[in-house]
Number of protein chains: 2
Amino acid sequence: MAETGEGTAVSAADRAHAELRELLLRFALLPKQKLNEVALAERLNTSRTPLREALNRLVAEGLLEKGTRGFSVPDLRVDVVTDLFEARLELECAIVRLACERATEAGLEALAGFLDESIAETPDASVDRLIELDIGFHDTLARLAGNAVMRGMLANLNDRIHLVRWIAMDGRRAGTQSQHRDILARVRARDAVGAMALMREHILHRNDGIVAAIRAAYGHVHMLGAR
Amino acid sequence: MAETGEGTAVSAADRAHAELRELLLRFALLPKQKLNEVALAERLNTSRTPLREALNRLVAEGLLEKGTRGFSVPDLRVDVVTDLFEARLELECAIVRLACERATEAGLEALAGFLDESIAETPDASVDRLIELDIGFHDTLARLAGNAVMRGMLANLNDRIHLVRWIAMDGRRAGTQSQHRDILARVRARDAVGAMALMREHILHRNDGIVAAIRAAYGHVHMLGAR
DNA sequence: GTATTCCGCTTTGTATACAGAAAGTGATGC
DNA sequence: GCATCACTTTCTGTATACAAAGCGGAATAC
């Protein structure tokens with residue numbers, strides 16, 4: 001068991017899990033790629049046992065798949081991605097509605113501050129940073145909605161759509177933060193119906209051209225693969 | 001790798017996962033119980049390695065928790081259970097709305113048949129069977145809604161609330177199937193608003209007295225523990 | 001009698017070994 | 001040149017070994 005600086009022990013399996021997740025979110029592991037445990041264990045500087053424990057967790061989280069033998073990165077299938085985005089839409093609408101009911105004024109004030117910073121940062125931000133800011137806004141809304149389970153479900157969906165979202169965000173820098181601002185205004189007004197409509201528009205706007213985004217994602221990962 | 005009769009290999013880890021899940025759903029593993037891997041491996045007739053792989057999956061699925069050392073069954077905490085039921089409510093409402101849009105006539109016809117059988121069976125059914133029928137109805141709706149991701153999310157929530165649901169169902173045999181009938185009628189009429197309102201009523205009806213159900217669940221598991 | 005310490009045993013996280021399955025490679029036949 | 005086969009190597013699922021951490025009981029001190 002490795003020790004962190006704060007005296008909290010982090011197991012090798014936990015570390016492998018976190019590092020694998022990073023590899024997935026950075027597209028260092030590509031769709032349909034079959035994972036080689038020996039190489040991966042070496043890469044992550046651990047033995048196969050904690051690595052396999054981490055791989056099993058990621059399978060349960062939907063980030064990896066398990067065949068009869070071995071683990072692999074899921075293919076980018078249109079039907080699955082479509083389902084993921086739709087699930088996200090439904091969950092986000094529920095979350096924003098609950099946030100209208102439950103968010104504290106202090107919480108909304110802090111979110112407005114975050115939004116100001118996001119807007120200031122957007123013109124020069126990398127795509128990774130844009131996504132971070134996007135997720136930050138939505139995750140804060142989820143926290144303000146006061147349902148930890150739903151917040152966790154949203155986080156999982158975010159991981160699973162990360163690549164497609166990255167591509168879509170790259171192609172479309174404009175508008176996200178102003179849409180966030182509009183949504184926040186509705187939440188502050190405790191206008192659930194309005195907030196949900198804007199959230200739906202915001203996410204459907206993103207959903208447009210999922211097939212195109214997936215095709216672009218394939219182009220992107222093939223480019224990565226050629227690296 | 002064990003062979004099933006149909007030539008599909010089932011790994012020891014897969015088997016352990018399924019058996020552990022069964023133990024959890026049957027309350028053979030109790031809230032807050034610390035798991036002993038050696039005893040459990042012996043009980044499941046496997047070695048610790050595939051057992052730990054299964055345990056890790058169950059942690060990722062929210063059915064178990066992992067401390068700095070070892071695995072345990074989550075405590076029945078009111079806030080978590082409340083969140084789980086609320087998440088289920090939101091998800092089920094989204095599902096029933098999508099089912100209104102997407103369900104085929106044949107699919108709805110089959111569900112009506114299932115409902116007839118469920119109603120016929122209810123007076124003499126065990127609680128386990130009642131829950132199976134309840135879950136069967138909702139899962140079929142989820143299938144008819146045509147979003148596999150959301151169906152999977154619902155299945156996971158169902159696992160996580162199983163014990164509390166069991167208690168609540170035991171205390172309240174009446175009304176479920178007639179409520180299912182009403183919901184199905186709204187879906188057949190493609191009345192999303194009506195269907196969602198009934199679904200909300202159906203689940204909130206269940207949610208009433210979650211604290212009481214959790215207390216009763218504790219009584220139940222203490223009785224089990226004394227076995 | 002109670003609190004503390006020590007020691008032996010057990011448990012857990014991880015590394016390594018092993019066996020079977022799968023993949024790769026080279027030789028042979030057509 | 002291509003297909004097939006046999007052999008070798010590699011990979012994967014699992015069992016086992018090992019070291020560290022934790023627990024429980026006995027001994028000791030007050």
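Residue numbers begin at 1 in each chain, while the letters A, B, ... track the order of the sequences.
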| query | Just checking B:Leu51: base, sugar-phosphate only, or nothing, at a heavy-atom cut-off of under 4.0 Å? | reply |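 It contacts nothing in the nucleic acid.
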| request: Under 4.0 Å between any heavy atoms, over every strand shown, what does B:Leu40 touch: base, sugar-phosphate, or nothing? Just pick one. | output: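 Nothing, no nucleic acid heavy atom in range.
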Which nucleotide sits closest to the side chain of [X]: [options]?
{"X": "A:Phe71", "options": "D:dT12, C:dT14, D:dG13", "answer": "D:dG13"}
{"X": "A:Asn36", "options": "D:dT16, D:dT12, C:dT14", "answer": "D:dT12"}
{"X": "B:Ala13", "options": "C:dT16, D:dT14, C:dG13", "answer": "D:dT14"}
{"X": "A:Arg52", "options": "D:dG13, C:dG13, C:dT12", "answer": "D:dG13"}

| query | If only side-chain N and O atoms of A:Lys66 are considered, is one of them under 4.0 Å from the OP1 or OP2 phosphate oxygen of D:dG13? | reply |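 Answer yes for this pair, as a side-chain N or O of A:Lys66 is under 4.0 Å from OP1 or OP2.
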| query | Between B:Glu53 and B:Arg48, which has a closest nucleotide on DNA chain D that is more 5'? | reply |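 Residue closer to the 5' terminus by nearest nucleotide: B:Glu53.
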Roughly, in whole Å, what's the span from [atom1] in [X] to [atom2] in [N]?
{"X": "A:Leu64", "N": "D:dT12", "atom1": "CG", "atom2": "P", "value": "13 Å"}
{"X": "A:Leu35", "N": "C:dA22", "atom1": "CG", "atom2": "P", "value": "18 Å"}
{"X": "B:Leu55", "N": "C:dT14", "atom1": "CG", "atom2": "P", "value": "14 Å"}
{"X": "B:His17", "N": "D:dG13", "atom1": "NE2", "atom2": "C1'", "value": "17 Å"}
{"X": "B:Leu44", "N": "D:dT14", "atom1": "CG", "atom2": "P", "value": "13 Å"}
{"X": "B:Glu42", "N": "D:dT16", "atom1": "CD", "atom2": "C1'", "value": "15 Å"}
{"X": "B:Arg15", "N": "D:dG13", "atom1": "CZ", "atom2": "P", "value": "15 Å"}
{"X": "B:Glu37", "N": "D:dA21", "atom1": "CD", "atom2": "P", "value": "17 Å"}

| If each of A:Lys34 and A:Thr49 is mapped to the nucleotide of DNA chain C with the nearest heavy atom, which maps nearer the 5' terminus, i.e. the 5' end? |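 So the residue in question is A:Thr49.
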| What about B:Arg69: does its side chain form a donor-acceptor pair under 3.5 Å with the base of C:dT11? |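 Donor-acceptor pair under 3.5 Å: yes.
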| request: To the nearest 0.5 angstrom, please state how far the CD1 atom of A:Ile161 sits from the CZ atom of A:Arg88. | output: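 Spacing of CD1 (A:Ile161) from CZ (A:Arg88) equals 5.0 Å.
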| said: Using 0.5 Å steps for rounding, measure from the OG1 atom of A:Thr140 to the CG atom of A:Leu108. | reply: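 A:Thr140 atom OG1 to A:Leu108 atom CG measures 10.5 Å (nearest 0.5 Å).
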| said: Counting C-beta onward and ignoring hydrogens, is there a side-chain heavy-atom pair between A:Ile135 and A:Ile131 closer than 4.5 Å? | reply: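 Yes. Closest side-chain heavy atoms under 4.5 Å.
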| task | Under the side chain to side chain donor-acceptor pair (under 3.5 Å) rule, what do A:Asn158 and A:Arg165 come out as? Steps first, then yes or no, please. | result | CA-CA 9 Å; A:Asn158 282 334; A:Arg165 192 183 197 156; 2.6 Å; yes
| message | Which residue in the set B:Glu65, B:Gln33, B:Lys32, B:Arg160 passes side-chain contact (heavy atoms from CB on, under 4.5 Å) when paired with B:Pro74? | response |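 It is B:Glu65; the other options fail the test.
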